[in-house]
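Please read the structure below before turning to the comments.
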2 protein chains.
Amino acid sequence: MGTRLALRIQERYDELTPSEQKLAQFLLDRPDEILASSATELARYSGVSKATAARLFRSLGYSDFNDVRLQAREERNRTGPVQQIPMPQVTTGKAMTLPMHLQVENANLTRTFEELRTDVLNNAAEQVANAGRVWVAGLGNENGIARILRILLARVRPGVHLISENAATWPEEFASTGPNDALIIIALRPWPRQIPTILAFAKTTRLKSIVITDPTSAGKAQRQEATVLNCHISTPWNEITQTTVLSMGQLLASAVANRLGRKANVRRELIADIAEEIEDGDT
Amino acid sequence: MGTRLALRIQERYDELTPSEQKLAQFLLDRPDEILASSATELARYSGVSKATAARLFRSLGYSDFNDVRLQAREERNRTGPVQQIPMPQVTTGKAMTLPMHLQVENANLTRTFEELRTDVLNNAAEQVANAGRVWVAGLGNENGIARILRILLARVRPGVHLISENAATWPEEFASTGPNDALIIIALRPWPRQIPTILAFAKTTRLKSIVITDPTSAGKAQRQEATVLNCHISTPWNEITQTTVLSMGQLLASAVANRLGRKANVRRELIADIAEEIEDGDT
DNA sequence: GGATCTATGAAACCTTTGTTTCAGAAATTG
DNA sequence: CAATTTCTGAAACAAAGGTTTCATAGATCC
């Protein structure tokens, strides 16, 4: 899945300087760009100097940029010319068009799910399906997605809870978790500072944790022994898109339902019935 | 599918000199190699001299090799002829696979945004950009999306409010709306029964309303004189996907930002700064 | 608040890439 | 087979790419 360059970046991401991170970010988001562009261009795209670029590659353990490019090319040849959907380039200041929006979403979805390994997904689904209870956490901007995911999962199995956004109440909430539970964390960049705390806690309680995140943070999550569902979320202007994350959520819920089989269906029908009753009942 | 380079080569292949043909052949066989390699390398791979390479590109009508590379890159970035992505059929009971998930999301996104008219989108964006205040409503399952949309919009303009899910408090909330406000409703099938009430209210108060919905309900919304943003959300198993809806939300927010121009950017930066401060500040 | 350290881009400096020139090889012609 | 034309790569030259140095701005530490 990840290129060696990506792995090295994720390993050392935190130690990189801010401008190095800007460039590293770009490289993670658009891995194919390395093949097509010169180091000067990469630097320009991500708004840093050539000098910074040179420093980054060296500090990642390559002897020079040529070394990087050779490795990237070799890897491409090994994995075969995967037909990548290109992320469109944007000239700054130009308005975003509708087709471009479509292409961006498409590129992110395609990368994400072509890269996702079935066994990783199954593993995550298994954990969620077999857990005693399931806890879903999403801080800040990701809170909306977390709520949706909770609903999606609650439709196919009981005992799915949202961890409140208010850190003050965590002790109480965590107190009710057990080693048979599963924890799903949604956290995109900028990686909220509370996440490591939560992950560390999960690790000590033997909670199974699943982290839905972006390539920048994937490394950190992996280091905490969590199952990582990696989502590509970048756009050519400097915003991110949550679409892919939601899609990942739906896929996970779907996979869990599959695993639970008949049980999930029974529950879904039950819920549908109740919903209908409410809809008819209240005037 | 043919690149312009390939076309030019095929046109003139017979007139090329033997060593030029060797190189041309190579380029036809491995069209992606142009992006990854330098002219020197291309020459070496196909066993001709750099001089020959330079001559070939010139004789094909390019001013120099850089010209060739730029065109190739541009072609890679441009979306090819729009192809209809088929929605996969599924035999009931069969497990959903990962590629299928991707294809479904893809199909829905593509349909949605190819069908969406630019003027409708602009119209909606205009309304949101110029409104005194913006109200976002999403009932039941759509509540999560509504929250996300509120955040997305709040990032680019002030005065974006969420209408509570609790119908009992609506009188108070609606009381504060004025005819210069905009109302965004997210409502997928099954079309919640409260929606017509809200829409009717909006109509009498001269509130501009925008409805993000699915094809099933689009008609109903249109009849209430609302701007309709239509999202394809179906899947081969009998569930729906909210991915498209979220994507529509991002697009709308993006369009609004575009319309507000500098004002939106100022606000975004302000928010980013504050967020950073909070992240740094609280321990 | 000064001293020290870190991060960063500008610019100087090599290196590689790409183009052009040119002389010789190969093919063609009479 | 000589004259001519065409083709070709080596080498000279020009341009862009990549690395290193250095001054400076900002952070951190007494």
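Chain identifiers are assigned alphabetically (A, B, ...) following the order of the sequence lines, protein sequences preceding nucleic acid strands; residue numbering begins at 1 within each chain.
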Inset, instruction - Classify the nucleic acid contact of A/Arg69 as base, sugar-phosphate or nothing, counting any heavy atom under 4.0 Å across all strands shown. - result: sugar-phosphate
Nucleotide N/O to protein N/O under 3.5 Å, stretch nucleotides 8-12 of chain C:
| unit_1 | atom_1 | unit_2 | atom_2 | d |
| --- | --- | --- | --- | --- |
| C/dT8 | OP1 | A/Ser19 | N | 3.0 |
| C/dT8 | OP1 | A/Ser19 | OG | 2.5 |
| C/dT8 | OP2 | A/Thr17 | OG1 | 2.3 |
| C/dT8 | OP2 | A/Ser19 | OG | 3.0 |
| C/dT8 | O5' | A/Ser19 | OG | 2.8 |
| C/dG9 | OP2 | A/Ser49 | N | 3.4 |
| C/dG9 | OP2 | A/Ser49 | OG | 3.2 |
| C/dG9 | OP2 | A/Thr52 | OG1 | 2.7 |
| C/dG9 | N7 | A/Arg55 | NH2 | 3.2 |
| C/dG9 | O6 | A/Arg55 | NH1 | 3.3 |

Inset, instruction - Can you tell me the distance, in whole Å, between the CG atom of B/Leu42 and the P atom of C/dG18? - result: 8 Å
Inset, instruction - Starting at atom CZ of B/Arg58, determine the distance to atom C1' of C/dT19, rounded to an integer number of angstrom. - result: 8 Å
Legend entry - Whole-Å distance separating the CZ atom of A/Phe65 from the C1' atom of C/dC14: 18 Å
Inset, instruction - Take the protein atom CG of A/Leu70 and the nucleotide atom P of C/dT16, then report the distance between them rounded to whole Å. - result: 12 Å
Legend entry - Nearest-Å distance for atom pair OH/P, residues B/Tyr62 and C/dG18: 16 Å
Inset, instruction - Would you classify A/Ala39 as touching base, sugar-phosphate or nothing, given that sugar-phosphate means primed atoms plus P, OP1 and OP2, and contacts are heavy atoms under 4.0 Å? - result: sugar-phosphate
Inset, instruction - Give one of base, sugar-phosphate or nothing for A/Asp64, where a contact means two heavy atoms less than 4.0 Å apart. - result: sugar-phosphate
Inset, instruction - Would you mind checking if A/Arg189 and A/Asp29 are paired as a salt bridge, meaning a charged N to carboxylate O distance below 4.0 Å? - result: yes
Inset, instruction - Answer yes when A/Lys50 and A/Glu41 have at least one side-chain N-carboxylate O distance shorter than 4.0 Å, and no when they do not. - result: no
Inset, instruction - State whether the side chain of A/Gln222 and the backbone N or O of A/Gly219 hold a donor-acceptor pair below 3.5 Å, judged by distance alone. - result: no
Inset, instruction - Compare all side-chain heavy atoms of A/Val136 with those of A/His161 and state whether any distance is below 4.5 angstrom. - result: no
Legend entry - Between D/dG17 (C1') and A/Arg44 (CZ): distance, integer Å: 11 Å
Legend entry - Electrostatic pair A/Lys220-A/Asp14, nearest N-O below 4.0 angstrom: yes
Inset, instruction - Could you tell me how the ring of B/His101 sits relative to the ring of A/Phe113: parallel (under 30°), tilted (30 to 60°) or perpendicular (over 60°)? - result: perpendicular
Legend entry - Distance, rounded to the nearest Å, where B/Leu60 contributes CG and C/dT19 contributes C1': 16 Å
Legend entry - Nearest-angstrom distance from the residue atom CG of B/Asp67 to P of D/dA15: 17 Å
Inset, instruction - Could you tell me whether the side chain of A/Leu42 reaches within less than 4.5 Å of the side chain of A/Phe26, counting heavy atoms only? - result: yes
